Participant: 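Before we start, here is the structure in question, set down as C-alpha cells.
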Protein chains: 2
Amino acid sequence: MADQVTLRDVAQLAGVSVATASRALSGAVGRTVRADLRARVLDAAGMLNYSPNAAAQAMVRGSTSTVALVVHDIADPYAAAVAAGVMATAARRGLMVTVAATGSDPEVEVRHVEMLRRQRARAVILGGSRTADPFVQQRLDLELSGILADGGSVASIGQDTLPVHTVRIDNAGGARSLATSLVGLGYRRFAVLTGPESWLTSEDRLTGFQAGVEAAGAALAPESVMSTQFSRDGGYVAMAEMLDRDPGAIADVDAVFAVSDVMAVGAMAALRDRGHHIPGDVAVAGFDDIGMLRDVRPALTTVRLPLERIGSRALELALDLRPAEAEDRATPVVETVTGEVVVRASTPGRN
Amino acid sequence: MADQVTLRDVAQLAGVSVATASRALSGAVGRTVRADLRARVLDAAGMLNYSPNAAAQAMVRGSTSTVALVVHDIADPYAAAVAAGVMATAARRGLMVTVAATGSDPEVEVRHVEMLRRQRARAVILGGSRTADPFVQQRLDLELSGILADGGSVASIGQDTLPVHTVRIDNAGGARSLATSLVGLGYRRFAVLTGPESWLTSEDRLTGFQAGVEAAGAALAPESVMSTQFSRDGGYVAMAEMLDRDPGAIADVDAVFAVSDVMAVGAMAALRDRGHHIPGDVAVAGFDDIGMLRDVRPALTTVRLPLERIGSRALELALDLRPAEAEDRATPVVETVTGEVVVRASTPGRN
DNA sequence: GTGAAAGCGCTAACAT
DNA sequence: ATGTTAGCGCTTTCAC
C-alpha cells in the first residue's frame, strides 16, 4: 500500500508549517493566511494530488459528514424513492449517504444500525417499516440512544413507535379514505392482500381499510384477508392461492385491495392468468402510487405518498432538530403525512 | 454534545489498560487475553453502551470498512438493481455502502468521487454511464488514480473507457442481437429513441442496433432516430414529438426501439395517447429487462441484463483484484456481460 | 498475558 | 499571519 500523501507532505513542499497548510486548505472563516502562501499550498496540494483524510478530520472535529439510511431493500421502488429524497437533501448540504439494506430482518437492521453508529453518522434514518418484535426493539433502542448520546440524531419513517423524530405516514387514514372512495364507487365486497402480520405498515393499512369498509356499513370477512410477502410475487402468490382455494369465491368479491402497489401488480397478474378481467370481473387497488408503475394497465387506483419528500423531510428533521442538550434530550417531533386517494381505471364506478 | 464513551472509560471500569480492553474487544486472532479479563471488559462495554469509533480505527488501521457506489439516480430501477447487488455483496463482507447520485452531471460525479476519496472508501464503483467529455474525464482520472495510490480500488460498470476494473456491458452486441431478432420476426422499418448523445450507453445501443439492422439488409433513416432524456418521460416526449412532427410518418414504422425499458414504457404511453395500438399498429422493444416493468402490457420485448449480478461482480472485482504493488499497478480486468434477447408480446411475429 | 507509549493525519489552541 | 504543540480514540509494537 503506497504511502498516502499527507498534509505534512503538502506543507513541506510549499515550505510552510502544517498549520498554515491546514488553514490554507480548510480555509477557515477569515482568510487568515497570506495570499501567496495560500497559493503555494494549493499548488503543492495539486502537484501531489492531495486528498484530506476524512477520518482524521472526523477525529479532531468530532463529527463526520455522513448520514445513513436504513431500508428493507433498495431495489423496492418505495425505498428507492425515499432514498432519492434523502440523497438530494444530503447533497444539498454536502453530506454523503450510507445506505443499508436489511432484507426485512429486524436482526439485520439492528446490526446495521450498530455499524452506522460506529461510523458516527450524523444522522440515521430508519426508512423501513417498524415491526412488533419487542426483543429486537429493545436492542434497537439501545443503539439509537447511543447514537443520540454521541451527538448524532435519528429519524424514523412510517410508524411513530420510536422515541425519535418521525415522519409518520398515516397508513390507516389513507387506507380508510381509500375504502370510503371505493364504497362510494359502488364496491361492497372486498378482498385484501396484506403483508406479514408483524409488519406495522401493512397492519395499519389493513385495519384502516377495514375501518373504512365497516364505517360504510359493509364488512370484510376474515377469510377474504390474505397475508403474504410485501412484494410483487407475494401479491401474485396470495392472489393465486385465494383463487385456487375456492374458485367460486372470487365471484363474491368485486374489489381487491393490495396494501401496496407492488403487490397489487402481482395480484393483477394472477387474476389475469386465471382468466379474470380487470376491472370488468374484479377491480384492484393498491397503495403508494409508485411512479414506475404508472403505466400498468388498467391504471391503478391507489393512495399517493410523496415518497421523495418524505425522505427529504426525515433527513431535515434529523439534522435540524438535533437534541439540544445531553440531559434535555429534545422531544421528538412527529410530522404526519397523509396520502391522497387517486382513483384510476382499475376501479371504475359501479353504478 | 455529550462526551463520547471511549475505550479509556471501558478500560477504567473494567480495571484494565486500554491495550487489554482493545484486545478483548477487537479480539485478534489468538485470544491473547485472559478469559476473566475479557469478560470484565465486555461487561464494562455493555454497561457503558460503548461503540468503537470507526474513524479512530480507520486512522490507525489505515483502511475503512466502507465502499462506495456512484449512480445517476437511485430511483432509476436500473441503478437500484445494481445497488442491490453491490449492497448484498458488501453486506456479506461486513462492509457498508455509501451511495452517491450524480443526476447525470459529470461535474457532480467528479465532486462525489472526490468526497468518496476523502472517506478513503476501500472501493469505489462507478455505476453510471460514461460520457465523452474529455475535460471532466481528466479530472476524474486524477481522482481515480489518487484512490488507487491511497490503496483503494475502483471498478466501473458499463463502458470500458477507464483504466480500472470493469464490468463491461455489451450494449452494442445486445442491441445488435435485438435488431437481428426483430428482423427475424418480420420487422423492417424502425424508429429509435435514444438518450443524450454524449452518453455512451445509449450511443452504443443505438449503433449496435443500427449495425444489426443494416446487417440484415434493412436501413435506419437518420430522421427516425430521436435523442431524448434517458427516462420514462423522455421516452414519452420524444415519441410524442416524433408523432406530431409528421403524423403520417409512423405509418412507415413498424417497430420502435427505445434504448431502455423505462423509455420504452414512456413511448408506449405516447403511442397509445395518440390512438396507436401496440403491437397492432406498431411494435415496441426496450433494453435492460427491468423487473418492475414485467407487468406492463403488452409485455415488453427487451435485452435482459443481470443487473444485480453486475453490481456484485463490480464490487468483487474491485475488492479481490486490488492493484498488487504501487509501482506495478495491476492491469485492470475487464469482464464482459452480454445481454440476452427476450421476445415478448410487444413484438409479435409479422409473418 | 498485560501495560506503557508511540503514533495514525489532522485541527485548534496557544505562542510568537 | 505563521509556527509549535497538544491531543482526537484507537491499535500495536515493545517491554515486562
Side-chain angles (χ1 to χ4, degrees), chain A residues 1-41 44-45 48-65 117-120 146 149-152, chain B residues 1-41 44-45 48-65 117-120 146 149-152:
Chain A
M1 205 142 305
D3 298 292
Q4 319 233 134
V5 175
T6 74
L7 192 56
R8 236 177 94 267
D9 301 319
V10 174
Q12 219 151 51
L13 181 58
V16 299
S17 71
V18 290
T20 300
S22 173
R23 287 189 273 251
L25 291 168
S26 297
V29 236
R31 60 200 124 6
T32 173
V33 54
R34 231 169 51 210
D36 59 323
L37 284 195
R38 146 177 258 106
R40 276 195 353 235
V41 171
L48 299 174
N49 194 7
Y50 169 75
S51 167
N53 185 321
Q57 293 180 317
M59 285 242 50
V60 46
R61 293 213 258 249
S63 100
T64 64
S65 53
R117 159 138 92 118
R118 294 176 178 225
Q119 320 287 341
R120 299 294 187 267
D150 293 345
Chain B
M1 204 143 305
D3 297 291
Q4 320 234 132
V5 174
T6 75
L7 192 55
R8 234 176 94 270
D9 301 319
V10 174
Q12 219 150 51
L13 181 59
V16 299
S17 70
V18 290
T20 298
S22 172
R23 287 190 274 250
L25 290 168
S26 297
V29 234
R31 53 193 132 11
T32 175
V33 53
R34 232 169 52 209
D36 60 322
L37 285 194
R38 145 177 260 106
R40 260 164 46 204
V41 171
L48 299 173
N49 194 7
Y50 169 74
S51 167
N53 184 321
Q57 294 179 317
M59 286 242 48
V60 45
R61 294 214 257 251
S63 99
T64 64
S65 53
R117 158 135 95 117
R118 293 174 178 226
Q119 319 288 341
R120 300 293 187 268
D150 293 345

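Model, not experiment: these values are computed from the prediction.
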Participant: Roughly how many Å is it from CD in B/Q57 to P in D/dC8, rounded to a whole number?
Facilitator: 17 Å

Participant: Nearest 0.5 Å, please: how far is CE in B/M59 from CG in A/N53?
Facilitator: 5.5 Å

Participant: Of all the choices, C/dT2, C/dG3, D/dC10, which nucleotide is nearest to the side chain of B/P52 once you look at every atom?
Facilitator: D/dC10

Participant: How long is the line joining CG of B/N53 and P of C/dG9, in whole Å?
Facilitator: 16 Å

Participant: Just compare C/dG9, D/dG9, C/dA4 and give me whichever is closest to any side-chain atom of B/A19.
Facilitator: C/dA4

Participant: Can you tell me how far C1' of D/dG7 sits from CZ of B/R8, to the nearest Å?
Facilitator: 12 Å

Participant: Counting only distance, no hydrogens or angles, is the base of C/dG3 paired donor-acceptor with the side chain of B/R23 under 3.5 Å?
Facilitator: yes

Participant: I need the A/Q4 CD to A/S51 OG distance, nearest 0.5 Å.
Facilitator: 8.5 Å

Participant: Considering the terminal five base pairs at each end of the helix from C/dG1-D/dC16 to C/dT16-D/dA1, what angle separates the two local helix axes, rounded to 10°?
Facilitator: 40°

Participant: Among D/dT12, C/dT2, D/dT5, find the nucleotide with the atom closest to the side chain of B/S22.
Facilitator: D/dT12

Participant: Sequence neighbours left out, what passes side chain to side chain contact (heavy atoms under 4.5 Å, CB included) with A/A24? Give chain and number order.
Facilitator: A/V33, A/R38, A/V41

Participant: Side-chain N or O of A/T20 versus OP1/OP2 of D/dT2: is the shortest distance under 4.0 Å?
Facilitator: no

Participant: If you round to the nearest 0.5 Å, how far is CD of B/Q57 from CZ of A/R118?
Facilitator: 6.0 Å

Participant: Whole angstrom is fine here: how far is it from CE in B/M59 over to P in C/dC10?
Facilitator: 7 Å

Participant: With rounding to the nearest 0.5 Å, note down the distance linking CZ in A/R117 to CG in B/N49.
Facilitator: 4.0 Å

Participant: Between C/dC8, C/dT11, D/dT11, which one does the side chain of A/R61 approach most closely?
Facilitator: C/dT11

Participant: Measure the distance from CZ on B/R118 to P on C/dG9 and round it to the nearest whole Å.
Facilitator: 16 Å

Participant: Between C/dG3, D/dG7, D/dC10, which nucleotide has the shortest distance from any of its atoms to the side chain of A/V60?
Facilitator: D/dG7

Participant: Over how many whole Å does the gap from B/R40 atom CZ to C/dG1 atom P extend?
Facilitator: 16 Å

Participant: Which value, rounded to the nearest 0.5 Å, describes the distance between A/D150 atom CG and A/R120 atom CZ?
Facilitator: 4.5 Å

Participant: Whole Å only: how far is the CD atom of A/Q12 from the C1' atom of C/dG9?
Facilitator: 14 Å

Participant: Of the non-hydrogen atoms in B/Y50 and B/L25, which two are nearest, and what is the gap between them?
Facilitator: CE2-CD1, 3.7 Å

Participant: In terms of side-chain heavy atoms of A/L7, which of C/dT11, C/dG3, D/dG9 is nearest?
Facilitator: C/dT11

Participant: Please report the distance, rounded to the nearest Å, between CD in B/Q4 and C1' in D/dG9.
Facilitator: 9 Å

Participant: Find the distance between OG1 (B/T20) and CZ (B/R23) and round it off to the nearest 0.5 Å.
Facilitator: 5.0 Å

Participant: Can you see if the side chain of A/T6 gets near the phosphate of C/dG9 - specifically, an N or O under 4.0 Å from OP1 or OP2?
Facilitator: no

Participant: Choosing from C/dC10, D/dT2, C/dA5, which nucleotide comes nearest the side chain of A/Y50?
Facilitator: C/dC10

